[in-house]
Number of protein chains: 2
Amino acid sequence: MSDRLAKDALFDGFAEVAKAFANGRRAEIVDVLAQGERHVDDIAAEIGQSVANTSFHLRALASAGVVVTRREGTRVYYRLASDRVGDLWAAVRAVAAEHFERLDDLAAAYLGDRDQLEQVSREELVRRLADGDVIVIDVRPPSEFAAGHIAGSRSIPIDRLARQLRNLPDDVEVVAYCRGPYCVFADEAVRLLRRRGRNARRLEDGFPEWREAALPTEIGAAS
Amino acid sequence: MSDRLAKDALFDGFAEVAKAFANGRRAEIVDVLAQGERHVDDIAAEIGQSVANTSFHLRALASAGVVVTRREGTRVYYRLASDRVGDLWAAVRAVAAEHFERLDDLAAAYLGDRDQLEQVSREELVRRLADGDVIVIDVRPPSEFAAGHIAGSRSIPIDRLARQLRNLPDDVEVVAYCRGPYCVFADEAVRLLRRRGRNARRLEDGFPEWREAALPTEIGAAS
DNA sequence: GCACTCTTCAAGTGTATCCTTGAGGAGGCT
DNA sequence: AGCCTCCTCAAGGATACACTTGAAGAGTGC
């Protein structure tokens, strides 16, 4: 069976794709790009690495075919190669959450205690949006909001929330959302709002899951 | 932001899961286990590695939570921890097929030329099975057939097909299936059958996809 | 006890990984 | 053109990890 070599080579090929995700920093990059395209500088700041190192990891992702680039002037924008890549990233998180023992501890260490944090399901939010008795705030960075957001949501990046609080009507419930279940922005937003006596909850997951569910989205920066 | 360390640790955790898939031999193991549970000896033979090395890789998979074990007498059976793991494996293959450039060459080198090979979709096979004008043969090893197979199919492992050919009625089309789109068993079966003048095609993918689509299956060895 | 199966250990080999630094190239602005 | 910004690339160092094998050990059944 000399097929053995060919078979091994084929499966080594599949393993190459998995290797692209087999590094924490690259996983962070994929998580960021799942929100929409970003340029290198921006990504580097986001993951707390040098630009050179970020470029290095982006190259690793690109040579596995997982991300693609677009040039605009002096900037280079990276994005996930297709929705399939987002699906793969979601599958990795799902398996980790369900089967990887240490993950609960790691998540708890990063996310803190979520027991007090009430969540809203996508279904409920759709209904509430239709009824118009809720304000949805997108607490991600402006560039992610611009690349796509929940239709009818309002961009209030988490680091500006405290200052913009007074512009929010105080007789309506606020629902905050961000990148997904492992993102802390919405958590922080809800905690801040509740400390100020507001009625606030977070969306159970984030924008990529909303888009994946084919629910209404919009594109474009805040006016 | 000392959250940085906690965030990095969390994403390193996700990367751990990806690492389980980031080796060709482990990918082969996952592919085999996607068919159903198997014992160590069996898996080692299947992937052409020593038992010790196979045990080593199985341990790597187990400590990422991707596979679980069951003891039966002196044998230890491994299986995928849940359907989510199968989904992840499918997602890896989908991304590789769609975006990883070299994959086409690797697949061609292992699978050979598939141009002559006609395929049957799951939908069509369901209809034909209902009409009863087709024979479906499962050309995987007997242990995989026993762990689960398409309802109404017949187990004829590929290495016994030539001898059992005379037992197949020759006025009905034969559809062969095996592990999935990257498995050669069904290809070989179809080629053999057509050389003998039979009307034969292969199922577009394999048993795991059939089960995933919630189509009728059966469990148990051939009588 | 003995046979069978699987795990583990020690050991060797090889090589990949990750990040930093500094230079260099591509594109745009004045 | 000259300069600036942004990104890529090559080199290097520190580190370690990944993979495999052979032999010994441990669990189970007869």
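Every chain is numbered from 1 and lettered A, B, ... according to where its sequence line falls, protein lines coming before strand lines.
At whole-Å resolution of the value, CG in Asp12(A) and P in dC19(D) are 10 Å apart. Between Arg70(B) atom CZ and dT5(C) atom P there is a gap of 16 Å when expressed in whole angstrom units. Between the CG atom of Leu61(B) and the C1' atom of dA18(D) there is a distance of 14 Å, rounded to whole Å. Look at CD1 on Ile43(A): it is 9 Å from P on dC7(D), rounded to the nearest Å. Summarising the geometry, the separation between CZ on Phe56(B) and P on dA18(D) is reported as 8 Å, rounded to the nearest angstrom. Distance Tyr77(A) OH to dC7(D) P: 8 Å, rounded to the nearest Å. Remark: C1' of dG28(C) and CZ of Arg71(A) are 10 Å apart, rounded to the nearest angstrom. Between the P atom of dC19(D) and the CG atom of Asn53(B) lies a distance of 9 Å, rounded to the nearest Å.
Within 4.0 Å of Ala60(B), counting heavy atoms only, lies no atom of the nucleic acid at all. Asp41(B) comes within 4.0 angstrom of the backbone, heavy atoms only, and of no base. Note on Val51(B): a base of the nucleic acid sits closer than 4.0 angstrom, heavy atoms only.
Regarding contacts with the backbone of dT17(C), every side-chain N or O of Asn23(A) stays at 4.0 angstrom or more from both OP1 and OP2. At least one side-chain nitrogen or oxygen of Ser50(B) sits closer than 4.0 Å to the OP1 or OP2 atom of dT21(D). For Tyr78(A) and dT8(D), the shortest distance from a side-chain N or O to OP1 or OP2 is below 4.0 Å. Side-chain N/O atoms of His39(A) include one lying less than 4.0 angstrom from OP1 or OP2 on dC7(D). Proximity of His57(B) to the phosphate of dT20(D): a side-chain N or O atom is located under 4.0 Å from OP1 or OP2. Residue Arg26(B) places at least one side-chain N or O under 4.0 Å from the OP1 or OP2 atom of dC19(D). When the side-chain nitrogen and oxygen atoms of Thr74(B) are compared with OP1 and OP2 of dC4(C), none of them lie within a distance under 4.0 Å. Within the structure, a side-chain polar atom (N or O) of Arg75(B) is placed less than 4.0 Å from OP1 or OP2 of dC6(C). At dC9(D), one or more side-chain N or O atoms of Arg59(A) fall inside 4.0 Å of OP1 or OP2 (strictly under the cut-off).
A salt bridge links Arg179(A) with Glu144(A); the closest basic N to acidic carboxylate O contact falls under 4.0 Å. A salt bridge between Arg38(A) and Glu46(A) is present, with a side-chain N of the basic residue lying under 4.0 Å from a carboxylate O of the acidic one. At a threshold of 4.0 Å, the pair Asp12(B)-Arg25(A) counts as salt-bridged, since one of the basic side-chain nitrogens sits closer than that to a carboxylate oxygen.
Within 6.0 Å of CD in Glu101(A) there are 12 or fewer heavy atoms belonging to other residues, nucleotides or ligands.
Nearest-nucleotide positions on DNA chain D place Ala52(A) closer to the 5' end than the other of Lys19(B) and Ala52(A).
Considering only side-chain atoms of Arg25(A), the nucleotide from dT7(C), dC19(C), dT8(D) that sits closest is dC19(C).
Side chains of Arg154(B) and Asn167(B) form a contact here, defined as non-hydrogen atoms less than 4.5 Å apart.
Judged by a 6.0 Å distance limit and a 45° cone about the ring axis, Arg70(A) is positioned over the six-membered ring of Tyr77(A).
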